[in-house]
Structure formats: C-alpha cells, structure tokens
Amino acid sequence: MTMQSIIGKVTEFLNVCVIYYGMQLIRCALVSLGVLAVVCLLRKTLLRHSVFPKGALWSLFLPLLFVGKLKFFYENTIGIVLFTWWAEIFKNHIWAYWLYIIGVFVYAALLWVKRRKMAKLIAGMEKRIVGDTAVYVTKLPVTPSAVGALRPKIVLPEVILQHYDSQELQTILLHEKTHIRLGHLWFYLGWDILRALLWLNPLLALGVRLFREDMEEICDRMTIGRSRGTAYSYGKLLLKSMKVLKAESEDFNMYANFARNKEFQNIRQRMEKIAQYEPKRHIKLSLYLLSAATMICVLGTVCFININSYGRWNENDGVLVYGYDVASGTANMVADDKLQEMISYDDSYVSVDREAFEGFLRQGGVSGEIFLVFGGYYKLPGFLGYGYSCSYEFGCADAVVRLPYDKPKEDWMLTLIKMI
C-alpha cells in the first residue's frame, strides 16, 4: 500500500468519524433546547420551593448525550421533520460537520484556558492553615470559593480572614467543603464539557448561572444543617460577607469574581430562600435517597434510550435490486419488502424464486443488467455501510436460481468504523 493510498484511507476514515459524531451531536444540541426549556419551566413553577428536587432536575442533561442514534429520528414522522431534514442538506457538504467538530474543540480549548489561568493564579497564592484546613489566600476582594475537580482547593480573600472570627471562618469553610463533598465541582466540569459538545445551543452558556444558583441553594441548606446554627445567623454571616467584600472592592475600584458568579446580582433572592429554611430531621438521609433515586432514573433513562437506538453497527437484512440499462446508460434501484420473500441467501449462495422475481422486475419496469445487493451492515439508516452483491441473468429454467457470491474480507478501516 502506497503512502498516498494510506493518506486517502485515513482522510476517508476521519470524514466518516466527523459525519457520524457530528450528526449525533447536532441532534443532541437540538434536543437540549427542549430539555433546557423543561428544566427552566419546572424550577420556576412546580419545584420553585423544592430545593433538592429542583437541583436534581439538571440530571436530565446526563442522558442527553446518548440520544443521537434514537430510532425516533428515522422511524417517526415528527423525528424526521424536526431532527433529520438537515442531514439530507449536509449529505454533500462534509465541511458543515467539520465546522461543528472544530467548534467543539475550539470551545473546549477556551474553557480549558480559563481553567488553566485560574490554576496558575491559585498556584501563586499564599497557602495557609485555617483551623485544620489548608486554604489559598488572595488579596483580591473575591468571594470564598472551592475550585478544581481533580485537586479541589479553597480560596479565601485576605479581607475575610481579617474581619471574621474563628467560628465564622469555620462556617465559611464548611460551606466550601460541602460544595466539594457533594461533588459540585465535578458537576461544573461536566456542564463545561456539555457546553463544548453542544455549543450549537447558546442557551447552555446562559444556563450556567441558573445551574450554579441551584447548587448554591443546596449547599446553603446543607451547610446550615451541618453547622447546627440557625438560618438567621447564616444569613447574617452572608450579609456581612457582602458588606466586607463590597467595601473592599470599592477600594480596589473593581468587582472581582473568582468563581465566575455575579456576586451581588441575586443576593436578595438567596437571602429569601435562606429565610425560608426550616430545620428537618434526617436531611442527610433525604439527600442520599434523592441522589440514589436520581442515579437510578438517569441509568434507567440511558438504558431505555439505548434499547430504542441503533447500535454501533447494525445488520442489514434488506435486499436491493439495481437495474442498469447499458444502451441508455441509466440505472434504477428498487427496494421492497416483497424482495425478501423471493430472495434468500446463506454464506455462499443466493437463492432466487425465478418466476416471482422476474414477474416483479417486469411489473416494476426494471430492465438491463440486474444486480442484487444484500446482507452486510450499516452504521445508521442511509449512512455508511456495505453489503454483498451478485448479478442475475435471465434464461435459467430452474424454479429456484442459485447464484454464488464471495464475501470480501473487511479491511482495517471497516473494522475501525464498526468499533466507533
């Protein structure tokens, strides 16, 4: 195999991957519009005052990445009209899929650069021990934050350390530790990955604020319960933080925002929710049960989607007939379920019911050289696959015509395509 042919094969394989995954991700991005609408509607209506169930709503986005191969998109009229029509337009424009995949990498790179800059910024901060907790201290008037999914770190502004007593500091640290313990930092990372993969939906970027609001509300509830304090004292501590940071930020002539939240935008709403807090027994047990129920629902949804989706590759049990008229240079293709009643095949031969098949050809106006295409596999309906073929010749007197055929061996590219 020459270098040119190898490059051609690799290019062909990359094009297949880009189309295959690009097609699925675009569908996921379109579906995410509806999922986000449902989440926003429920969190503002039925679940407005339900802290933990409202936070659990965001788990609806987890199964979203598995919907790209749903049979609904190919076998349902609504699915075809809403989610598949553009695939026909892009069929001869591979650059459109390349544009989408490049957009995924560019978006992911921008988010990674932001996280990298933050990691470098934290690395240059002074590390101190507050109580039994290691914190990173900054001179900027930023809100206390927990950052970094793999190696979580707690960042405190120096002004907080100067104005707070040890008990207040422990409550602040407990809040950040609760974020870490509940896995919120991983949730934020997952949301960034989702935004990059489905960048075609710009509303996911706007959903960051709502997502963080709900996680903060959960963290507030858990922190109040774990600190064994009152909602009043916790709210008072929050107001003190806002007052100290606002005064300090005015001295800096800036509003710093380390955690990428707008610190003072929703403070009234947050205080109202804290004021509504009522101590409940077994709050930790309730959270664990809700988390377990959420995971079961997510896994169940993923399994349901998988059952109703096409596999990585799918056996093709259909039969196609091609007729090529040499004189006119025209060709036509016939695909009909009736062909499976006339034609069967095993590993070596194709068996054709001669009378029924030739009658079918005459009725359908198929003439010229006749070729049968059958078996093999396909990735998705209408997209990529291969089958076996043989030619059919008229004039045989047998009731059942047996036609030999060869099964070509799969090359490395076809094997890889089956695996993706």
Side-chain angles (χ1 to χ4, degrees), residues 6-37 60-113 189-208 301-302 305-306 308-314 316 376-386 410-420:
I6 293 175
I7 294 175
K9 282 281 189 180
V10 171
T11 302
E12 185 180 355
F13 176 72
L14 290 177
N15 284 334
V16 168
C17 292
V18 165
I19 296 173
Y20 182 63
Y21 289 113
M23 188 186 304
Q24 294 181 59
L25 289 174
I26 292 173
R27 288 197 185 108
C28 293
L30 295 175
V31 175
S32 69
L33 290 168
V35 175
L36 186 60
L60 291 175
F61 286 93
L62 292 175
L64 186 63
L65 295 176
F66 298 89
V67 304
K69 296 187 291 184
L70 273 174
K71 295 178 180 178
F72 169 78
F73 300 135
Y74 297 92
E75 301 176 5
N76 184 281
T77 303
I78 297 176
I80 294 172
V81 172
L82 295 181
F83 301 102
T84 306
W85 59 269
W86 49 266
E88 291 298 319
I89 297 175
F90 291 167
K91 183 179 293 185
N92 298 318
H93 301 284
I94 299 177
W95 61 267
Y97 291 110
W98 272 103
L99 181 63
Y100 186 88
I101 296 299
I102 290 173
V104 170
F105 283 101
V106 170
Y107 203 129
L110 292 174
L111 293 175
W112 182 84
V113 168
L189 176 61
W191 188 263
D192 282 348
I193 294 174
L194 185 75
R195 290 166 56 192
L197 292 174
L198 309 183
W199 64 267
L200 194 64
N201 180 5
L203 297 180
L204 292 177
L206 301 178
V208 173
T301 303
V302 171
I305 291 173
N306 186 61
N308 292 279
S309 297
Y310 293 98
R312 289 184 179 178
W313 62 275
N314 307 273
N316 189 358
Y377 82 96
Y378 62 92
K379 292 293 287 184
L380 290 172
F383 171 71
L384 193 66
Y386 78 92
E410 294 184 8
D411 61 9
W412 63 268
M413 191 178 77
L414 289 176
T415 302
L416 284 178
I417 288 174
K418 269 191 171 183
M419 295 171 60
I420 64 173

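When reading the values below, keep in mind they use all heavy atoms of this one structure, side chains included, and skip hydrogens, waters and symmetry mates. Computed from a predicted structure; not experimentally measured.
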Query raised in the report: Does any non-hydrogen side-chain atom of V31 lie less than 4.5 Å from one of F73?
Result: yes

**Report entry** Smallest separation among heavy atoms of N308 and L70, with atom names
**Finding:** O-CD2, 3.5 Å

**Report entry** Gap separating the CZ atom of F72 from the OG1 atom of T77, nearest 0.5 angstrom
**Finding:** 9.0 Å

**Report entry** side chain to side chain contact (heavy atoms under 4.5 Å, CB included) evaluation trace for F61 with L36
**Finding:** CA-CA 8 Å; F61 286 93; L36 186 60; 3.7 Å; yes

Query raised in the report: Do R195 and W191 have side-chain heavy atoms sitting under 4.5 Å apart?
Result: yes

Query raised in the report: Between C17 and I420, does a side chain to side chain contact (heavy atoms under 4.5 Å, CB included) hold up when you go through it step by step?
Result: CA-CA 8 Å; C17 292; I420 64 173; 3.8 Å; yes

Requested in this report: For C28 and G68, work out which heavy atoms get closest and say how close.
Outcome: SG-N, 3.9 Å

Query raised in the report: Taking C-beta and beyond as the side chain, do L198 and L65 meet within less than 4.5 Å on heavy atoms?
Result: yes

Requested in this report: For the pair F383 and Y20, name the ring-plane relationship: parallel under 30°, tilted 30 to 60°, perpendicular over 60°.
Outcome: parallel

Query raised in the report: I26 versus Y97: any side-chain heavy-atom pair under 4.5 Å?
Result: yes

**Report entry** Interatomic distance, L416 atom CG to K9 atom NZ [nearest 0.5 angstrom]
**Finding:** 11.0 Å

Query raised in the report: Do W98 and N15 have side chains that get closer than 4.5 Å, going by heavy atoms?
Result: yes

Review item, side-chain donor-acceptor pairs of residues 199-206, under 3.5 Å, at least two apart:
unit_1, atom_1, unit_2, atom_2, d
W199, NE1, Y100, O, 3.0
N201, OD1, L203, N, 3.0
N201, ND2, S32, OG, 2.8

Query raised in the report: Say you draw a straight line from CG of L64 to CG of L197; how long is it, rounded to the nearest 0.5 Å?
Result: 10.0 Å

Query raised in the report: Is a side-chain donor or acceptor of K379 paired with a backbone partner of I417 at a separation under 3.5 angstrom?
Result: yes

Query raised in the report: Does the pair V67 and R27 meet the rule for a side chain to side chain contact (heavy atoms under 4.5 Å, CB included), with working shown?
Result: CA-CA 8 Å; V67 304; R27 288 197 185 108; 5.8 Å; no

Query raised in the report: Considering all heavy atoms of both residues, which atom of P63 and which atom of L60 are nearest to each other, and what is their separation?
Result: CD-O, 3.2 Å

Query raised in the report: Looking at W313 and K418, what are the two nearest heavy atoms and their distance?
Result: CD1-O, 3.7 Å

Report summary line: When rounded to the nearest 0.5 Å, the distance separating CD of Q24 from CZ of F66 is 11.0 Å

